[in-house]
Each structure stands twice: as C-alpha cells, then as structure tokens.
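From a predicted model like this one, the values you see are computed outputs, not experimental measurements. Heads up: numbering here begins at 1 and tracks the sequence. As the structure lists them, so they are numbered: ligands from 1, and atoms in each ligand from 1.
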Amino acid sequence: MDFDALLNWDFEEIEQTLTERDTILYALGLGFGEDPTDKKELAYVYEDGLKAVPSMAVILGYPGFWLRDPKTGVNWQKVLHGEQWLDIYKPLPTHGRIVGRSKIDFIADKGEGKGAVIYQSRDIIDADSSEKLARVAMSAFCRGDGGFGGENQAGPAPAVLPDRAPDHVCDIDTLPRQALIYRLSGDFNPLHADPDVARSVGFDRPILHGLATYGLAARAILKTLLDYDAARLVGLDVRFSAPVYPGETVRFEIWEEDGEARFRASIPARDVVVLNNGAARFA
Ligand SMILES: CCCCCCC[C@@H](O)CC(=O)SCCNC(=O)CCNC(=O)[C@H](O)C(C)(C)COP(=O)(O)OP(=O)(O)OC[C@H]1O[C@@H](n2cnc3c(N)ncnc32)[C@H](O)[C@@H]1OP(=O)(O)O
C-alpha cells in the first residue's frame, strides 16, 4: 500500500440527495418488513409515516469503495470491514440534502502476513441547516498489506461483554439475495456479488456486507429493547469477527448494562461468532 498517499487521501466532500426511496431501500436491505402486519416495523419501509433506521447514517455521504483506486496501492480484493462506530446527534431525516466529510485518522501495521488496518471517519451534515447529524468511523482490515514499516497504533478499545448469560436472544433470517439488495444502498464491492472475486480471496461464495450485518444489529436492538423507536438509538459500535453468508440465520445475544446494551452475533448453524464487542447507546 502507498502509506503516504493513503494518509493524505483527499476525499471530496460528498453531497447526496436522500430520497424516501433510498431510506426504504436501505431498510429492505436489512430485511425490515418481514412481518408486514407489524405496523411498528412497517414504519421503516412504508412511506406513510416513514422512519429512518438509525444505522442508515453509515451510508450517508459515503465515499464508496475508494480503496479500489489503484493510487492507494491496496490489495483491495483482500480488504475486510474490521470495525464500525456510530454516534448520532440528531434523528436522521428520511429525505433531504446531506453532506459527508471523510478523513483518514491513522493506519496501523499489524505486520507482514497479518495486515494493515486503515481507520477513517466521516461527519454527516444536514446541508440545509448545517447541523451535524452523526459521526461515523470504521476500520478496514487490509489482509494483503501488512509489514509496510508503520506503527501498530491501537484503535478504540472494543466494548467488553458481560460474563453471564444474555438477557435477550433475537434470531434474524437473511435471504440468499440479501447482499444483492443491500449493495444498492451504495457498497458495490464485488466481494458481495461476484462468486469469482469471492473465490479468488478464499470464500466459497460472496459474503454479506459487514454493514448489512451491522444494520441487522440495529434491527435486533430496535425490536428487542426499543419497541422500534428510532429516536432512542444514538450509538452503535461493533467488531466484525467472521464473515456471514447471505441466507444464514444470525443470532443476536444482548445484555442490558448500565442503561446501554452490549451484544454479539453468531451463526448457530456453523457455531461461529460473526460480530463481537457490540455496544448500543440510548437517548
Ligand atoms: C473503502 C472503505 C473501506 C471499506 C472496507 C469494507 C468493504 C466491505 O465491502 C467489505 C466487507 O463488508 S467484509 C465483511 C465484513 N467483515 C468481515 O467479515 C471480517 C470478519 N473478521 C475477520 O475475518 C477477522 O477478524 C480479521 C481478518 C479482521 C482479523 O483476523 P485475524 O488476523 O485472525 O486477527 P487476530 O489474529 O485475532 O488479530 C490480529 C490483530 O488485529 C486486530 N483485530 C482483530 N480483529 C479485528 C477487526 N475485526 N478489526 C480491527 N482489528 C482487528 C487484533 O486486535 C490484533 O491486533 P494486535 O496485533 O495489535 O493485537
């Protein structure tokens, strides 16, 4: 990877016109509307009284899969989403004009054969009021780019899960076509659609977007703890620990802790934890 080029990457400011159709498509990509008779769930996919899923902040003002640019020098096929953090300051609109300002925060070298981790963050701003709506941050684990001679700078410490049985369990089914729907919200990485690309980097078939699993976490928390009240979910952090394949059932285990929630997700059929160190914060 080209460390200097990445560190000084000049992200263009993204101005996005968000429509209600975009808001509904994002929620459909997470499987909302599974029970069309449940009016609280339907509110995320029906224009009459439409609500935005709080995790939608991650697709607003999104610069796209920019690591695919040859100028980064990154082996982009081997990049996996490592972690995601989100703080929401104002309830998200279902339509409007949004500005996204991205920057690279730092890059950690995990060593030759391990990888490099790129930390980037983005402010999401309402273009009409100039109010900051949210801050989104993520790490990208570049499995083919370690050992470039950089420091192994630590990122934010992952949330610790309680050492007891979970207070709630929520199973969410995904569809075999889940990634093909989710990608229409702006993450066109071929790893999630093209079987040849997936096989070339060691997966049997295309894997689900990390951010789709992340959105499932928002869905599980809204359903289990918040009676589908979008305004109450103001923070959501996770670490991705293994890929999810579209069509799998994802089990969320949730703990209530000091007015917040901690959670993890696994695939019971494979007995593997796919998302760990989850933390959700409430208004
Ligand atoms: C364009 C903008 C960028 C866009 C990026 C995303 C684009 C998307 O389209 C791509 C996706 O959505 S991919 C799908 C979602 N992500 C995944 O499936 C990844 C799942 N996780 C893994 O495979 C491994 O945990 C793995 C591979 C991440 C790490 O596994 P190991 O190498 O076995 O890790 P381990 O030996 O336990 O630890 C090594 C060091 O890395 C740190 N670490 C571990 N997991 C991490 C994670 N998930 N994120 C960040 N850092 C992580 C460890 O702390 C350790 O650090 P240190 O050596 O300093 O102690």
Side-chain angles (χ1 to χ4, degrees), residues 1 6 9 11-12 14 29 55 58-59 61-85 100 102-122 136-147 150-160 174 178-180 182-194 197-198 201-217 237-246 248 250 264-267 270 272-278:
M1 61 161 55
L6 283 166
W9 197 259
F11 289 98
E12 275 181 28
I14 306 282
S55 58
V58 301
I59 64 153
Y62 182 59
F65 191 47
W66 63 277
L67 281 175
R68 204 173 168 174
D69 186 326
K71 290 200 283 291
T72 66
V74 167
N75 188 346
W76 64 266
Q77 290 94 338
K78 298 193 87 172
V79 173
L80 294 176
H81 199 146
E83 296 151 298
Q84 184 69 43
W85 300 271
S102 295
K103 66 182 174 66
I104 298 294
D105 294 317
F106 58 95
I107 304 173
D109 190 350
K110 298 293 175 193
E112 181 81 45
K114 267 286 171 191
V117 183
I118 301 176
Y119 293 82
Q120 68 180 84
S121 59
R122 184 165 89 251
V136 176
M138 66 164 300
S139 71
F141 204 107
C142 306
R143 293 180 297 155
D145 295 282
E151 270 181 55
N152 183 8
Q153 197 177 336
V160 177
T174 64
Q178 200 81 47
L180 299 174
Y182 184 83
R183 68 197 299 271
L184 300 178
S185 286
D187 187 340
F188 294 103
N189 184 350
L191 177 61
H192 310 295
D194 187 327
V197 170
V201 289
F203 300 112
D204 294 344
R205 54 197 166 97
I207 62 173
L208 192 61
H209 302 73
L211 286 181
T213 313
Y214 177 80
L216 296 184
D237 307 337
V238 304
R239 178 176 260 211
F240 300 104
S241 46
V244 174
Y245 291 97
E248 292 188 310
V250 186
R264 72 175 166 222
S266 60
I267 306 296
R270 287 190 284 129
V272 59
V273 174
V274 290
L275 183 158
N276 215 338
N277 311 99

Nearest protein heavy atom with distance in Å, relative to atom 48 (N) of ligand 1: Phe240 O, 2.8 Å

Gly210, any N or O under 3.5 Å of ligand 1 N or O: yes

Backbone or side-chain N or O of Tyr119 under 3.5 Å from ligand 1 N or O: no

Residue pair Leu191 / Phe203: nearest heavy atoms and the distance that separates them: CD1-CD1, 3.8 Å

Test side-chain contact (heavy atoms from CB on, under 4.5 Å) applied to Trp85 and Val136, Val58, Val238, Asp237, the passing residue: Asp237

Closest contact, heavy atoms only, Asp109 versus Gly111: OD1-N, 2.9 Å

Side-chain H-bond candidate by donor/acceptor type, Glu12 with Trp66, under 3.5 Å: no

Option set Arg183, Arg239, Gln120, criterion heavy-atom distance to atom 45 (N) of ligand 1, minimum: Arg239

Ligand-side contact atoms (ligand 1) for residue partner Leu80, heavy atom cut-off under 4.0 Å: 13 (S), 19 (C), 23 (O)

Nitrogen or oxygen atoms of His209 and ligand 1 under 3.5 Å apart: no

Heavy atom of protein closer than 4.0 angstrom to atom 18 (O) of ligand 1: yes

Nearest non-hydrogen partners of Pro246 and Thr174, listed with the distance: C-OG1, 3.9 Å

Trp66-ligand 1 polar pair, N/O distance under 3.5 Å: no

Distance-only N or O hit between ligand 1 and Arg143, under 3.5 Å: no

Under 3.5 Å: N/O of Leu211 near N/O of ligand 1: no

Heavy-atom protein contact below 4.0 Å for atom 60 (O) of ligand 1: no

Heavy atom of the protein closest to atom 50 (C) of ligand 1 (residue, atom name, distance): Glu83 OE1, 3.0 Å

Residue and atom name of the nearest protein heavy atom (relative to atom 32 (O) of ligand 1), distance in Å to one decimal: Lys114 NZ, 3.5 Å

Option set Trp76, Phe65, Phe203, Phe141, criterion heavy-atom distance to atom 28 (C) of ligand 1, minimum: Phe141

Under 4.0 Å to a heavy atom of Leu208 - the qualifying atoms of ligand 1, by number: 14 (C)

Nearest atoms (heavy-atom pairs only) where Val201 meets Lys78: CG1-CG, 3.9 Å

Heavy-atom closest contact (Ala265 atom, Val250 atom, distance): CB-CG1, 3.8 Å

Atom 37 (O) of ligand 1: any protein heavy atom closer than 4.0 Å: no

Considering all heavy atoms, the nearest Ala179-His192 contact: CB-O, 3.5 Å

pair Cys142-Trp76: side-chain heavy atoms closer than 4.5 Å: no

Option nearest atom 4 (C) of ligand 1 (shortest heavy-atom distance, choices His192, Met138, His81): Met138

Single hit among Thr213, Val244, Leu208, Leu216 for side-chain contact (heavy atoms from CB on, under 4.5 Å) with Gln178: Leu208

Asn276 side chain to Ser241 side chain, donor-acceptor N/O pair below 3.5 angstrom: no

Contact check, Arg68 vs ligand 1, heavy-atom distance below 4.0 Å: no

Close N or O approach (Tyr62, ligand 1; < 3.5 Å): no

Within-shell test, Ala154 vs ligand 1, heavy atom, strictly < 4.0 Å: no

